[in-house]
Q: 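Pasting a structure here, questions to come.
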Amino acid sequence: MSKAAVLAPGALAAPANIRRSSARVSNRTIVLVCYIVFLMLPIYWMVNMSFKTNEEILSGLTLYPHNPTLRNYAVIFTDPSWYSGYINSIYYVTLNTIISLTVALPAAYAFSRYRFIGDKHVFFWLLTNKMAPPAVFLLPFFQLYQTVGLFDTHIAVALAHCLFNVPLAVWILEGFMSGVPREIDEMAYIDGYSFPRFFGTVFLPMIRAGVGVTAFFCFMFSWVELLLARTLTSVDAKPIAATMTRTVSASGMDWGLLAAAGVLTILPGALVIWFVRNYIAKGFALGRV
Amino acid sequence: MDKVQDNRAWFLIIPVFLIVAFSAVIPLMTVVNYSVQEIFGPGQTFFVGTEWFEAVLKDDRLHDALVRQIIYSLAVLAIEIPLGIVIALGMPGGRSAKTSLTLVLLALPLLIPFNVVGTIWQIFGRGDIGLLGATFRAIGIDYNYTNNSAHAWLTVLVMDVWHWTSLVALLCYAGLQSIPPAFYQAAKIDGASKWAVFRYIQLPKMRGVLIIAVLLRFMDSFMIYTEPFVLTGGGPGNSTTFLSQYLTQMAVGQFDIGKAAAFSIVYFLIVLLFSFIFYTIITRTGEGEKK
């Protein structure tokens, strides 16, 4: 800090409050700002392109759309084969989040509170599923879901994504639950609470931040996954990310449409982050800080 | 925390057990099944023993893909972990609007579907319509990720840094948030340098989250598929064909199911082995430091 103050003699003339803040601009802040610019540039470029006509995109480089058009978005919102992709994606992602949370909550409670035969082995086994390359499961998944008649349904994708989301949910929730002292459970049982009633009315409200963070992670990993989602669907449950490959057609690439579809896949994520922004820090430590 | 011994806790585990078993154990058994059989059609299968495994272990293209994959994953770790730490150190503290905005902007790439990440970089990197490609051309570098192997490889690497460094940064930020202000005050009184504060206060406190970060980044980069598939399709040549890419080519492209299944098992074991090694090294060094 003293180094920065020496290096900023020009700031001396400025009012005291500005001077203090400018003196604090350290190398680390510069790295951070540069990195955020690096993050935003490609995204800006796609947003920029989504408002351009294809003629403008192909005719040369323009830093902002000179003839802004909403045509690309209009195509997506009026063509059912486009917008149903979004509905499908949101449908199976929500389904997956609900399933993951429902089964992970009791399991995480068991792991955080009890010792039982094989507890460590089961926990490790759950985590190994997060380490399995999805490409390994493509073919067997395809055959399994075809055999049980779930192929091309939303529930198939939701179940397949449980492969990596349930272990993750158990992991995060266990971290949050271990932060709640055991005495609370014991007090509740002494007061005559049954387990379900205690869990629903006392325990869950105490870890609601953890539940929110877990839901966020399940949403995130299910929303971004494409390999399994594409393999397990053909028409009725096709995710938007798979629909996007359609823009490569015989008449060349419809860049504007592709960019617009891309922008619309970022929006749900951005919305979700905004809601959990105050819990992100704790959430990314998986409740274990 | 002292836990109570109670085997009835298994009842709480059963739902998770069933659902993960359904989507993990059954498919995995199918893969094992395929890996020891030759399949000519429905009902026409022959037991071939370890033949497929021998074929996989002798496959030169697989060796190339494995070497490429290891170099790539190590490069990813070597760039993303230090960069993530530096970014986390530069994050504003407290609950201000500035903090929220930084967090949201940093987290944004993590919520973009993998193939859209590929699309973004495709649009960004192309020489004719992309800002990056056009900039390189303007300053005289003949940048073209579709036919220059080195450019393709670097673009895939930069794309991964763009996509995932935020995860490392957010994990480290979470670790830093847990340091009580009293630690910093004590360091100030002792006249500790910035480096000393980092080395003896911040780094030890980040150890837990760094283990998670290294493991997650290693596993995910080792399994990367969608982003390079969209951006380069594994080319030019085989320069960006990583393990998952090669596996999918084998299973779907050539329909070589037996070999692909054997490959899958070897692949899974490699990931497990590396994760275990990393985990052991990191926890060991940390233990040593405490003493």
Side-chain angles (χ1 to χ4, degrees), chain A residues 28-29 31-32 35-36 39 42 45-46 49 57 61 103-104 106-107 109-110 113-117 122 126 128-129 131-133 135-141 144 159-160 162-163 166 170 178 220 223-224 226-227 241 255 258-259 262 265-266 269-270 273-274 277 280-282 284-285 288-289, chain B residues 1 3-7 9-10 12-13 15-16 19-20 23-24 26-27 30-31 86-87 89-91 100 103-105 107-116 119-121 123-124 129 131 134 170-171 173-175 177-178 208-209 219 223 225-226 244 247-248 251 264 267-268 271-272 275:
Chain A
R28 288 165 176 179
T29 316
V31 172
L32 178 70
Y35 183 71
I36 288 181
L39 281 190
W45 197 248
M46 185 167 73
M49 202 172 261
I57 292 172
L61 221 56
V103 299
Y109 183 79
R113 291 296 192 256
Y114 298 109
R115 255 182 298 130
F116 47 92
I117 296 172
V122 176
L126 282 176
T128 58
N129 290 307
M131 300 175 202
V136 170
F137 288 100
L138 283 187
L139 200 65
F141 264 166
L144 175 64
L159 279 177
C162 282
L163 175 70
V166 166
V170 173
S178 297
M220 163 175 150
W223 179 256
V224 298
L226 174 70
L227 197 53
W255 292 108
L258 183 70
T265 61
I266 299 181
I273 306 177
W274 186 254
R277 65 186 183 282
I280 285 181
K282 191 147 194 252
F284 272 91
R288 254 158 231 282
V289 172
Chain B
M1 191 185 300
K3 296 180 183 175
V4 183
Q5 175 83 34
D6 191 344
N7 283 326
W10 258 102
L12 299 173
I13 309 284
V16 162
I19 208 157
V20 178
S23 50
I26 297 176
T30 322
V31 173
V86 173
I87 291 166
L89 290 173
M91 299 262 288
S100 295
L103 285 172
V104 171
L105 288 182
L108 198 55
L110 301 175
L111 276 134
I112 300 175
F114 292 170
N115 70 316
V116 180
T119 306
I120 289 177
W121 279 85
I123 293 175
F124 193 57
I129 59 171
L131 187 61
L170 289 170
L171 279 166
Y173 174 72
Q177 289 299 97
S178 71
V209 282
M219 293 188 301
M223 301 188 275
Y225 173 80
T226 315
S244 278
L247 173 60
T248 330
S264 299
Y267 190 5
F268 189 16
V271 179
L272 269 183
S275 302

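Chain letters run A, B, ... following the sequence lines, proteins first and then strands; every chain starts at 1.
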Q: Determine whether B:I19 and A:C162 make a side-chain contact, defined as any pair of heavy atoms from C-beta on separated by less than 4.5 Å.
A: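 Result yes, sub-4.5 Å side-chain heavy-atom pair found.
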Q: Give, for atom CG of A:L227 and atom OH of B:Y225, the distance between the pair rounded to the nearest 0.5 Å.
A: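 It comes to 5.5 Å.
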Q: Could you tell me which portion of A:L159 (side chain, backbone, both or neither) has an atom closer than 4.5 angstrom to a non-hydrogen atom of chain B?
A: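 For A:L159, heavy atoms of backbone and side chain both lie under 4.5 Å from chain B.
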Q: Ignoring hydrogens and angles, tell me if any N or O in the side chain of B:W10 forms a donor-acceptor pair with the backbone of A:A110 under 3.5 Å.
A: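 Between the backbone of A:A110 and the side chain of B:W10 there is no qualifying donor-acceptor contact (under 3.5 Å).
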Q: Sequence neighbours excluded, which residues qualify as ring-ring contact (aromatic ring centres under 6.0 Å, His included) partners of A:Y114?
A: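 Scan of A:Y114 (ring-ring contact (aromatic ring centres under 6.0 Å, His included), adjacent residues dropped) gives none.
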Q: To the nearest 0.5 Å, what is the distance between CD1 (B:I112) and CD1 (A:I266)?
A: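 Interatomic distance, B:I112 CD1 to A:I266 CD1, rounded to 0.5 Å: 4.0 Å.
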Q: Please give me the minimum heavy-atom distance between B:I123 and A:A259, naming the atom from each residue.
A: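 For B:I123 and A:A259, the tightest heavy-atom pair comes out as CD1-CB, 4.2 Å.
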Q: Do B:V116 and A:M46 have side chains that approach each other closer than 4.5 Å (heavy atoms only, starting at C-beta)?
A: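 The answer is yes, as the side chains (C-beta and beyond) meet within the 4.5 Å cut-off.
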Q: Look up atom CD1 in B:I13 and atom OH in A:Y109, then write down how far apart they are to the nearest 0.5 Å.
A: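 Atom-to-atom, B:I13:CD1 and A:Y109:OH are 12.5 Å apart.
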Q: Nearest 0.5 Å please: distance from the CG atom of A:L32 over to the CG atom of B:L89.
A: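 Spacing of CG (A:L32) from CG (B:L89) equals 10.5 Å.
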Q: Is it the backbone or the side chain of B:I26 that comes under 4.5 Å from a heavy atom of chain A, or both, or neither?
A: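 Only the side chain of B:I26 comes within 4.5 Å of chain A.
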Q: What distance separates B:S244 OG from A:L138 CG, expressed to the nearest 0.5 Å?
A: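 The OG atom of B:S244 sits 8.5 Å away from the CG atom of A:L138.
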Q: Looking at CH2 of A:W274 and CG of B:L108, how far apart are the two atoms once the value is rounded to the nearest 0.5 Å?
A: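 CG of B:L108 is found 12.0 Å from CH2 of A:W274.
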Q: Quick check: does any side chain N or O of B:N7 sit under 3.5 Å from a backbone N or O of A:I117, one acting as donor and the other as acceptor?
A: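 Yes, the answer is positive, given that a donor and an acceptor are paired below the 3.5 Å cut-off.
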Q: Counting heavy-atom pairs under 4.5 Å with chain B, which one of A:T265, A:L39, A:I36 comes out on top?
A: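 The candidate making the most pairs under 4.5 Å is A:L39.
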